[in-house]
Structure formats: C-alpha cells, structure tokens
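Presented below is the structure to which this report refers.
Numbers for residues simply follow the sequence, beginning at 1.
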Amino acid sequence: MTPSSTSSFDTPGDAERAAELRRVKTLATLVLVSTLALFVVAKWLLPVHPVCGFIAAFAEAATIGGLADWYAVVALFKRPLGLPIPHTAIIQSNQARIADKLGEFIQVHFLEAGPVEAKLTEIDFGSFVADWLRDRKRSDDLARFALRLLPEAVSATETSGLMTFIIRRMSSQLQAIDLAPLAAGTLRGFVAEGRHQILFDDLLRVMHETLNQTETMAMIREKVRAELPTLLRLYRADKFLVNKIVSSATAFFNEVRSDPKHPFRGEFDRMVLSFVDRLGTDQAYIDRIDGLKRDLLARPELADLARTVWANTRSFIERSASGETQVLQHHLAGMFVAAGEALAGDAELRGEINQGLVAVLRSFVADQKSGVSTFISDQVKAWDMAQLISLIEINIGRDLQYIRFNGSLIGGLAGLALYSVESLLRLL
C-alpha cells in the first residue's frame, strides 16, 4: 500500500489511551505470571499441608483461564506468537468481508428512503438559506465569487458558439411572433383604460395652438382668399371668414376638452376601436405589420446595436470582476440580501424550498446509495489494517484486557470448585 492511500486515524487522547492500555496489559500479564508462580509454589508445598492442594487447583485453573483468554484476545487482532494458527488474526483475515458488510449495513440501515426523508424533513433549508443571504458579508462574498466566474462564462459563451445559437434562436422566435394580434390587444387594453382620451386631449390642444398661430392663420387666409370671388376680396371677407373659422374651431375644441361625455369623444372611441378591430383581423394590416417586422429584424443597424450592447456588457463585467468598479458587486450583494429578507418573511416559500430540496436529496440518495456502499467498502479495503487494529486496541483494548482478569478469576474459581468436589468424593 502506498503512503498516499494510508489513512490517518489518530485522534486527540490516543496517547493517553495507549499508555493506559500498556499499563493494563502489563497488569494482566503480571496476574498470569503470578498465578503460574502460585501454582508452582503450591504444588511444591503440597506435602506440607493439604490446603496447598486447593491453592494449587485454583492457581492452575486461573493460569489456564488467563492463557485461554489471552489467546482469544490476541487472536482477534493478530497471530499469537506469530504462529500461523488457523482462525487467528480474525480482523485482518476478514478485511474484505468486513468492508463489504459495513458498506451493505450503511446502505440498508442508514440510507433507506424512510430514515433519510425523516432526517431531511427535520432540516429547515429555507431558513438556513435566508439567514445566510441576509448576512451582508456573506452576500458580498457570494457576489464577489459570482463576478469572478462571469468573465469566464462570457468567454465560454463566445468561444463555444453558444452566443451564435442564442442569437439565431432569438431571431427565429422574434420572426415567429404575430405582432398584429399583439398590437391589437395592447391597443384594446389602452382604450379600455381610457388612456386614448389623454392622447385625444393632447391632440385637441395641439390643434388649438396650431390654429391660433399667426403663420397658420395667414396660410388659411391665403387659401380662403384664393377661393373667394374678386368682389368679396375687395371687402376683405377672407379675414372675416378666417377669424370665424378659427374662433368656431377653438370654441369647439374647448367644448370637447371640457366635456368628458361629449359626443365627439364617443365618435373618437368608435373610430379607434374600429381601427383596433381591423388591425387584428384585416389581412392587409397583418401583412404590412409582418413586413415591417421582417424589415426591422433584417436591418444591419440592429445587429450592430446588439454587438455594441454585448461588447459594452462584457467590458462592464470584466471591469467589475477586476475590482475597477464596485457597482455591479454592490447591486448583486444588495439583491442577495433582499432575497434573503424576502425569503425570511415568506413561510410558504420556505416550505416549498424545503419540500423541493427534500425531494431532490431523497432522490439523489436513493440513486447514489449503492455507490456510497461501494465507496465505503473500497475505503475500508484500502485501510492500513495494522494502523486500524492499533486504533481499535487503543480504544477498546483496555476493556478486552479485563477479559483476561475475568478469565483468570473465573477459571481459578472453577478449578477450586472441581478440586473441592474431587476431594469430597475421595472422602466418601
């Protein structure tokens, strides 16, 4: 295994636990040696007093129990005394099987749809996003990060041909728009709101001002004078007629402007509505508007304008990304903060975000859980087992060493009980 594939399992406190493990191991070994020495001494003193037989039986069984449990504990992690004894070094020998079963256990018991969904529904993703965006510093950082990516995105858009595709797509979409019904609907709404009457009032005002201008009156007078008989021209009837015409027209315009229900306004309404109806249904109007649309979209000035706008936009983005101007970053950060504030005050939207994320993450986990199982299995198989075993021993080895104490005690008591029964049978 290469060093790069070796994982580090060291955690705080491992040194203290390792020292404690060594102390308990030494103590357990001393107990084993002590029981063996006690057995030897008791056997040696057996002729001196019968009680030494009981002591020897206890010590003998305690020694055997301690040795058996020492073997069991050692065999779990390594080969006792380095001997190739079957069914020893259990963890090392079953590394692959342990890895597969661990991955399977995680997949079955931790990544099932029910537990995953239950855990995900406990998380308020919407509030987290809202609180994150409301923090001005975080929004500034997000805006700065987004601006750093924008120039590369713009360059990728240009070099990948995406911009050409977008332009063609937009052009085809614009060509497909039927402007006549759209224009008719817009004008119909304009009329329904009464806004055409404002235009009508402005038109009356302009006509009134134009008629009362000296140049206009002189022009009308010349036209009238040219049409009058010579006799009437001698009596300056043209001036009288022009004054009457202008005066009557002015009075009429003032009357219409001051009366919202004047019949002339109704006539204007009917005229406009008639034009709107013809605009949406008359094929001649439709063809003419469609032709104007095609001519407009085919104008080279429009393409030049689009290129200029794009170049200016790209330049502005690049200057914003380089820090030359902070306008875009400021507006982006403000937009993020405002979005966070709006999200924080909209419980329904937060609920929808939570539901959407739960659905997405649940589906993602369901699709990837087998991959997670495989990943965990591969990671465990790649572990340095010597280091892992050392970690296990450090964390649970102290408790395992107490098995040796218990083995010596229980074995000794069992041996003492059996020797006592044997002695009692001899007496019978």
Working to the nearest 0.5 Å, report the span between CG of Leu149 and CD1 of Ile317. 12.0 Å
From Thr121 atom OG1 to Leu361 atom CG, the distance as rounded to the nearest 0.5 Å: 11.5 Å
Apply the test salt bridge (Lys or Arg N to Asp or Glu O under 4.0 Å) to residues Glu122 and Lys119: give CA-CA distance (whole Å), side-chain angles for both, the deciding distance (0.1 Å), then the verdict. CA-CA 5 Å; Glu122 295 177 2; Lys119 188 61 181 177; 3.5 Å; yes
Could you check whether any side-chain heavy atom of Val358 comes within less than 4.5 Å of a side-chain heavy atom of Glu117, counting everything from C-beta outward? yes
Could you check if a side-chain atom of Leu142 sits within less than 4.5 angstrom of a side-chain atom of Leu133, using non-hydrogen atoms only? yes
When you measure from the side chain of Ser377 to the backbone of Ser373, do you find a donor-acceptor pair of N or O atoms at a distance under 3.5 Å? no
CG of Asp124 to CG of Asn354: how many Å apart, nearest 0.5 Å? 4.5 Å
Are any non-hydrogen side-chain atoms of Arg134 and Asp131 less than 4.5 angstrom apart? yes
For the backbone of Ala59 and the side chain of Thr35, can you confirm whether one donor and one acceptor N or O come within less than 3.5 Å of each other? no
Going through the distances and angles, do Asp140 and Lys137 end up as a salt bridge (Lys or Arg N to Asp or Glu O under 4.0 Å)? CA-CA 5 Å; Asp140 283 335; Lys137 183 179 183 304; over 6 Å; no
Take His331 and Met335, measure what side-chain contact (heavy atoms from CB on, under 4.5 Å) needs, and give me the verdict at the end. CA-CA 6 Å; His331 283 289; Met335 182 182 69; over 6 Å; no
Of all heavy-atom pairs between Ala143 and Ala333, which one has the smallest distance, and what is that distance? CB-N, 3.8 Å
Can you confirm whether more than 12 heavy atoms, excluding those of Glu152, are under 6.0 Å from its CD atom? no
Work out which heavy atom in Arg136 is nearest to a heavy atom in His330; give both atom names and the distance. NH2-ND1, 3.6 Å
What's the verdict on side-chain contact (heavy atoms from CB on, under 4.5 Å) for Thr26 and Arg23, showing C-alpha distance, side-chain angles and the deciding distance? CA-CA 5 Å; Thr26 302; Arg23 186 186 70 80; 5.9 Å; no
Heavy-atom side-chain proximity of Arg314 to Glu318 below 4.5 angstrom: yes
Assess whether a salt bridge exists between Asp100 and Arg97, defined as any Lys/Arg side-chain N lying under 4.0 Å from an Asp/Glu carboxylate O. no
Answer whether the closest heavy-atom distance between the side chains of Leu343 and Ile353 falls below 4.5 Å. yes
How many angstroms lie between CH2 in Trp70 and OG in Ser408, if you round to the nearest 0.5 Å? 13.0 Å
Taking atom CZ of Phe128 as the centre, report whether more than 12 heavy atoms of other residues, nucleotides or ligands fall under 6.0 Å from it. no
Do Phe125 and Leu120 have side chains that get closer than 4.5 Å, going by heavy atoms? yes
Is any side-chain heavy atom of Ser127 closer than 4.5 Å to one of Arg350? yes
Quick check for you: to the nearest 0.5 Å, what is the distance between Leu328 atom CG and Arg319 atom CZ? 10.0 Å
Do Asn406 and Asp69 touch side chain to side chain, with heavy atoms closer than 4.5 Å? no
Rounded to the nearest 0.5 Å, the CD atom of Glu20 sits from the NZ atom of Lys25 at a distance of 12.5 Å
So does Ala311 get a backbone contact from the side chain of Ser315, meaning a donor-acceptor N/O pair under 3.5 Å? no
Nearest heavy-atom neighbours spanning Asp135 and Arg138: OD1-N, 3.0 Å
Between Phe405 and Tyr402, does the ring centroid distance fall short of 6.0 Å? yes
If you look at every heavy atom in Gly340 and Ala130, which pair is closest and at what distance? O-CB, 3.7 Å
